[in-house]
Each structure stands twice: as C-alpha cells, then as structure tokens.
Amino acid sequence: MMLNTRLFTPLALLFFLLVANITFGQTAYKVKDIPDPKNNGGGYVSDPDKILGTNAVSEINSTISDFESKTNVQVAVVVVNDFDHNKEDFDFAYELFNTWGIGSKTSNNGLLLFISKERRKYRFITGTGAEGVLPDVKLKHIAEQNLLPAFRENDFATGITNTINAIGEIILNPEHKSELNQLFTQQESDNDLENFLLPTGIIIMLFWGAFKILNRQAKNATKDKSKSDVNQYEKIGKGCAVAMMITFVTGFIFFFFGGLELVKKIRPKDVPIILYVILALVLFGRYLFHISALRKIHNDDKNFFNSVSSFHKKNFWLIIFSPLILINIIIYLFKRVKNINRFKAVLDSKGQEMIRLDRDINIEGEPFLTKGQRKEEIVKAYDYDIWESADHKEHIIKAWPAENYNSYTECPDCYFRTYKLNKRITTRAATYSHEGQAKLINECSFCKKTEFIKWIKLAMLVESSSSSSSSSSGSSSSSSSSSSSWGGGSSSGGGTGGSW
C-alpha cells in the first residue's frame, strides 16, 4: 500500500521536530554546567530546566535566607531533568557540594538537596557541622514524609517547599538552635585563636625583631657619618615604614567597612597571610632605603660594594621575612662580579702595582680630575677611578659608564658628557582654568650651553570623578549583602537519598 507523499512529508517533519525537542530539552548536566544561584542574584535555588515555578523559587529562597540568618546553616537546592550519565546521584551531588563550597569553611554547616526529575532521584549531602542536627535518618524521614508523596504526584514545587519548611522547623527548634550556635561559636572561636590571633601575634613579634636588627645594622653602617646625617637617615627610614603601615591599616579598615565585594571573601584566617605580605613589603622598602643610604654614604664605588656585601652576609636571613630581598641580593652579586676587573690593580711603568685613590677620602679627586670630569661624576654620566704609583710620580685615570650614562651626550662646546637632550622646563604650570607652558631645550650641566628647541603646551588639569564613582560602587556592592557567595564549606559524604 503506497503512502501519500504529500501527507508523509509534514508528518515526518513534525516527528523530527518532536524528537529534536525532546533530545535538546533534556540536558545531561555536568557539575561545571550547573548554574550557581549565587552568581545569578544571590539565591539558593538552581533550577536551569524551569521545573519549579517562579513563585516557588522565590518562596524557597526566602525561607532558606531566613533560617540561615538565624542559625548559620546554609542550604542549596538544585533541580534538573538529568545529569551526567557516567555518575551516580551521590557522586554527582557530593562533587557539586564541594565544588560550590556550601556552608561556612570553618563550621562546614552546609546542606545540599539535589533532585533529578528524569532519573527520579533525590540526594541530601550534609557538611560535617550539620550532621549532628540533621543526621541521615532524620533527613530520610523528612524526605519520605514531605518530598516523595508530592513528587509521585509530579508536584515538585510543593515537595521541595514542604521539605525545606520541615528542615527549618528542626534547626529553628530552640534546643537544636542552641546546639548549633554552641558548635559554630566554639569552632569559630577556636579557629580565630588558631588561624588569626596566634599567627598574627607571632608574625608581628618576628617582624618587630627583624626591623629592630635591621635598624641596628643600619645605625652601625652609618656610624662614621655625622650625627645629623645618621638621624636624617633614621627619620626617613622610620617615616617610610610608618607611612606604609598607616596606609595598610587605613586600607584595611576602608575595605572591611566599605562593603567592597573582594573584601567580603576575606576570612579571619586570611589576615595573617595579608599581614605577612604587607610587612614583607615594608621590610623590603626599609632594606632598599638602607642600601640607598649606603650609596649616599660611600662616594667610592668599591667601598659601596664592600659595604653592601658585608651587610648581605650579616643579614642574609632577611629573605625569610621578605623573599623580594633575595632578588636584590642576586642583582648586587652580578654587579659585583661585573666590576671585578675594574678594581684590579693597575701597573705603573716599572711594573709595580699602583694604589687606587679612595674617593670617600678624596671626594673631589683633586688634583687629578678636571672640573668637567668631576661634573660628569656628579650627574652620574661617568665614574672615574684614579690610580697612583707608590712614589706618587705617575697616575692613571680610568672612566666607567655610570647610572645616567645614556641620559647625557657629549657637549659640542666643552666636550664633556654633561649635555642633556630634550630637557623640559615648565614656565607656566597648568591649572583647572587654563593651559600651561613649557620649553624644550638641550642644556649642558657644566658649561651651561643652552639650545632652545620649541615651546610645548601643557593640558589643563581635569577634576577627577573617581571619588563619587567609587563611593557609589561601594554602596551598590554593599547592598548585595553576604549572600553573593558560598562560604567555602565541604562535606565528608554525609547525607541520604533515594528514588520515587
């Protein structure tokens, strides 16, 4: 019997669309594909297949939020049609619980209710801190009384709502509430002492000792300088440390009380780590200041490198407190190796070793250096080593490129490397009401030869609106409340499950 092709074609198309709709409608979710409700409005219910109604989801979210605020127990509900066919419901729900981190990290007071409509499976997963009040047997009884009867009638919204209400009645019971509060308070208190107070105290004491030793070393290193210079170095060093500490404390208070989202994730046990990082940076800054003080004290490069090496040998242990110091130590080792040949003795015409002039004693290099050469040293274009024979009849001057060698070029008039190209000099500063003006010139620091290049306009200053925007962003972030993320909890596999 032949089929009517005109009738067969639309029927086949309709059948294909029906099959495709069923196929694509039933997503077998993997754990990473389950939408986290905390990232979608800060709720507790994940219903990607829209099995529950909007009103039911809103009601369940409200109920969970209410008893979380009263008991600290954090509950998540996940409802899907189907999930990974390579996993059993327990394995899937257990992995999901720990992936999201439901419950407090210190108390592990989380609870997950996972439901698969097509597989007809439900599964409770509890954190270790919630197992005492919500043991497996009690959760099984709640499911049999509230969840399964409604599910068998295909009424998932009622079943879940009744189940959450039943769980709420248990944990809000005065006896259970007291037990929960006692458990969580004790755990938080113990963890605060172990993970916050004790490590913080130890870190502060160790760094206090490190700063004390470093300051004493700095004082010994500057003992040959005048008292006013030493006091100046000490004041600047202490001022830098105090400024950095004030900045840290101010930022800490601002972040914690400003409602910023990032800071809401910081837990008390994270504070010692943050404090260590800040103090390590402060110590590194104090170390750099001491090295710069040695540079100012020693005009002679060889004496400077010897002082830095001596300081590093005595204080190598500082890298434990601030690993960044190790980088600087390595840099100075390379510099020292690079300058080995520079400080090797030079021979005079008789083959005798000449004596290098100590530039900490004879800073000006008189009578060997000209004023132009001395100017090159001052602007750090060249460093000059002066070698003199033992009988003072011969001398040799060797030039070495200094820190600012590439910033200067040879002056066309005096021929010293003191000529600064494209130097900008402001003649009228810019304000909020008018533009400024500057001139671009080439100038010699020694003979004062000046070559004008051109005038430059300086843009008007613009008032920043960052303060208002930051305050508005702060207020908006604070309104999102602490429900913007799970607490980092975990489960050891407690809970129960079954089918309907």
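In what follows, residues are counted from 1 in the order of the sequence shown.
Surrounding CZ of R295 are more than 12 heavy atoms belonging to other residues, nucleotides or ligands, all under 6.0 Å away.
Residues F114 and Y122 place their aromatic rings such that the two centres sit no closer than 6.0 Å. Less than 6.0 angstrom separates the ring centroid of F207 from the ring centroid of Y276.
Side-chain contact between T163 and V77: absent, with no pair of heavy atoms (C-beta onward) separated by less than 4.5 Å. In this structure, H434 and T431 have side chains that are in contact, with non-hydrogen atoms separated by less than 4.5 Å. Between L458 and E435, the closest side-chain pair of non-hydrogen atoms is not below 4.5 Å. You'll find the side chain of W500 stays beyond 4.5 Å of the side chain of L147, heavy atoms only. Side-chain contact check for R119 versus D82: some heavy-atom pair is nearer than 4.5 Å.
Because its NZ or CZ atom is not both nearer than 6.0 Å to the ring centre of F124 and within 45° of the ring axis, K140 does not count as a cation-pi partner of that residue. Taking the centre and axis of the six-membered ring of F151, the NZ or CZ atom of R120 falls outside the cone set by 45° and 6.0 Å. Annotation: cation-pi pair K335/Y332 present, NZ/CZ under 6.0 Å from the ring centroid and within 45° of its normal.
With hydrogens and angles left out, the side-chain atoms of N108 and S490 include a donor and acceptor closer than 3.5 Å.
In this view, K302 satisfies the side-chain hydrogen bond (donor to acceptor under 3.5 Å, both in side chains) rule with no residue, not counting sequence neighbours. With sequence neighbours excluded, the residues that form a side-chain hydrogen bond (donor to acceptor under 3.5 Å, both in side chains) with S309 are R336.
The backbone N or O of V31 lies less than 3.5 Å from no partner atom in the side chain of D84, so there is not a single donor-acceptor pair. T99 contributes a side-chain N or O that, together with a main-chain N or O of E95, makes up a donor-acceptor pair within less than 3.5 Å. At least one donor-acceptor pair closer than 3.5 Å links the side chain of S46 to the backbone N or O of P35.
Summarising the geometry of L112 relative to A93, their closest heavy-atom pair is CD2-O, 3.3 Å, with the distance given to 0.1 Å. Across all their heavy atoms, Y29 and P48 have their closest contact at OH-CB, 3.3 Å.
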TODO: Report the C-alpha separation of K121 and S499 in whole Å, then their side-chain angles, then the decisive distance to 0.1 Å, and conclude whether the side-chain hydrogen bond (donor to acceptor under 3.5 Å, both in side chains) test is met.
DONE: CA-CA 5 Å; K121 294 281 188 179; S499 305; 3.3 Å; yes
Task: side chain to side chain contact (heavy atoms under 4.5 Å, CB included) between V78 and V80, intermediate numbers included - done: CA-CA 7 Å; V78 177; V80 296; 4.2 Å; yes
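Rounded to the nearest 0.5 Å, atoms CG (N109) and CD (E68) are 8.0 Å apart.
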